[in-house]
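Structure first, commentary second.
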Amino acid sequence: MSTATAKMNDRVARIAAINIAVALTVVTLKYIAYAVSGSVALFSDALESIVNVMTAVAAYSAIRLSAKPADADHPFGHYKAEFLAAMFEGAMIAVAALLILIKAYSGIVNGVEFEHPGLGLAINVLSTVINAAWAWSMIRRGTEWRSPALVADGQHLFTDVITSVGVVVGLTVAILTGWYFLDPLIAAVVALHILFVGYRIATESMSRLMDQAASPEIEGRIRGVIEANGHGALEAHDIRTRQAGRALFIEFHLVVPGSMSVDDAHVICDRLEDAIERSIIGSEVVIHVEPEYKAKPEESGAVPL
Ligand code: ZN
Ligand code: ZN
């Protein structure tokens, strides 16, 4: 790992740690808001925040664990820890949604009784403001450090802020109009939203666990770097990529004149490997060398050099 990568890891890990503290504060406030008000909608909002605590903890441990260098029994590193964390998260989210639905159902059937709804609302608004400020700061830092993961976390938190605003508005209407049945209905909507988020997190991490290829944009960049640094070789083909967390494994065949010495071919390989690994942070390249009769037509995706 380069020092620049290590430094970035430390910064991201620090943000992830603060993220846990913020999530814990917010969930405590939101639970108090539910406890003093008795509102099912505020209960659902608090449970949504518990999901954020778990997300924050999972993200932190994944960053720590995947930064662990490769060792004898994990020669390709520990990057996939991130996906296991995400799948666990998806499962926990489903549990949270189920708990809300049960409470919402009983609220619809038996009716709800509010205790101090105004106080509950006020506390919830306070925690929502904290969440919004933190989400904004994560998006800003993520953009500045060019960390898509951080930006995504901030954006996810921001959708929660929007849910909370919806809960607050809905609950205010319920209190003002006396239509208390709105309260468990809002909670049910929040539960469905949480289920949807959980489904997306779980399916995304599953497809990545299955050795998903790099995005077309990254593949294009790889081809560009090969073109710019492959002089001396004839062609590159069978470019395959596989993502594992923040690591990207890249392999391809490099066709060179059959009479070229191993020394010369190795110089080209090292040059290509260095150039790609410098251009795509977190990538690891392996090249297989072949003589010219193994060349493939350009239509098959080969890069002529
Ligand atoms: Zn080949
Ligand atoms: Zn070498």
Side-chain angles (χ1 to χ4, degrees), residues 1-6 8-9 62 65-84 86-87 146-149 152 202-305:
M1 195 187 307
S2 71
T3 48
T5 313
M8 181 52 85
N9 260 333
L65 191 59
S66 59
K68 224 175 109 177
D71 50 31
D73 48 342
H74 297 93
F76 289 93
H78 301 81
Y79 306 105
K80 287 189 176 180
E82 246 171 84
F83 304 132
L84 290 180
M87 283 167 74
R146 269 176 266 138
S147 162
T203 49
E204 246 171 54
S205 49
M206 257 187 268
S207 97
R208 291 204 189 147
L209 258 180
M210 301 295 178
D211 287 344
Q212 195 182 38
S215 67
E217 189 240 317
I218 295 286
E219 298 245 2
R221 243 165 70 194
I222 296 169
R223 300 172 74 86
V225 176
I226 295 176
E227 257 171 15
N229 295 278
H231 41 280
L234 301 171
E235 171 197 287
H237 64 239
D238 288 2
I239 303 168
R240 292 198 298 174
T241 59
R242 144 176 104 78
Q243 286 176 34
R246 281 163 305 125
L248 177 65
F249 296 103
I250 303 168
E251 54 173 65
F252 59 88
H253 299 180
L254 187 72
V255 178
V256 300
S259 55
M260 186 181 270
S261 71
V262 172
D263 253 346
D264 290 346
H266 181 246
V267 167
I268 303 175
C269 287
D270 270 0
R271 190 172 64 220
L272 281 168
E273 287 168 1
D274 276 357
I276 296 172
E277 284 167 9
R278 249 182 296 118
S279 146
I280 296 161
I281 294 170
S283 68
E284 271 179 48
V285 187
V286 173
I287 304 172
H288 169 79
V289 174
E290 294 175 335
E292 59 261 60
Y293 72 86
K294 294 287 256 180
K296 288 193 174 176
E298 224 184 307
E299 304 88 80
S300 69
V303 181
L305 296 167

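Small disclaimer: the values here were computed from a predicted structure and weren't measured. In each ligand, atom 1 is the first atom listed, and ligand 1 is the first ligand listed.
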Exercise. Do you know which of Glu251, Lys296, His288 makes side chain to side chain contact (heavy atoms under 4.5 Å, CB included) with Asp238?
Worked result: Lys296
Seminar exercise, completed: Excluding water, the protein N, O or S atoms sitting under 2.8 Å from the Zn ion (ligand 1) are His237 NE2, His253 ND1, Glu290 OE1, Glu290 OE2
Problem set entry | Separation between OG of Ser283 and CD1 of Ile276, rounded to the nearest 0.5 Å | 7.0 Å
For this session: Answer yes or no on whether Arg242 is positioned over the face of Phe76, meaning its NZ or CZ is under 6.0 Å from the six-membered ring centre and within 45° of the axis.
Result: yes
For this session: Compute whether any side-chain donor of one residue and acceptor of the other, for His253 and Glu235, lie under 3.5 angstrom apart.
Result: no
For this session: May I ask you to decide if Gly301's main-chain N or O and Arg223's side chain share a donor-acceptor pair within less than 3.5 Å?
Result: yes
Problem set entry | Side-chain touch Phe252/Val303, heavy atoms, less than 4.5 angstrom | no
